[in-house]
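One structure is given below, encoded as structure tokens.
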Amino acid sequence: MSTRDTRREFEEIVGRLAAEDPGIARPVRMLTRRVQVVILAVIGGLIWAGLSVAMVAWGAAGVALTCICVLAAVAFGVWFNRRRNGG
């Protein structure tokens, strides 16, 4: 069963449950996409600043740490995009 089929089936179940009990259908407050991006950018900037200080303070070890962190971030980004796009 594909992700879309599972999602559609889930939405149908939720729709039936909401029709039976409207109290469970109240919206859940979540952060908007824009706020999430801003928070992620601020955290990323702080981490990057810390890694820059580590490169100066620790020399080669700081550079190695920065390379490892960048590679991990890129790998996570690729994995997340593939997961989100169903691939």
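Basis for what follows: all heavy atoms, side chains included, without hydrogens, waters or symmetry-related copies.
- Remark: R83 CZ to T3 OG1 distance equals 9.5 Å, nearest 0.5 Å.
- Between F80 and F76, the two ring planes are parallel [angle under 30°; tilted spans 30° to 60°].
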Derivation of the side-chain contact (heavy atoms from CB on, under 4.5 Å) call for R34 and V37: CA-CA 5 Å; R34 184 175 184 168; V37 169; 5.8 Å; no
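- Under a 4.0 Å N-O distance rule, the pair E12/R8 qualifies as a salt bridge.
- Residues R33 and Q36 form a side-chain contact, since some pair of their non-hydrogen atoms from C-beta on lies under 4.5 Å apart.
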Distance-only donor-acceptor hits, side chain of residues 41-58, under 3.5 Å, sequence neighbours excluded:
unit_1 : atom_1 : unit_2 : atom_2 : d
S52    : OG     : W48    : O      : 2.9

Do R16 and E20 pass the salt bridge (Lys or Arg N to Asp or Glu O under 4.0 Å) test, and can you show the C-alpha distance, the side-chain angles, and the key distance before you say yes or no? CA-CA 6 Å; R16 286 193 304 267; E20 292 174 11; over 6 Å; no
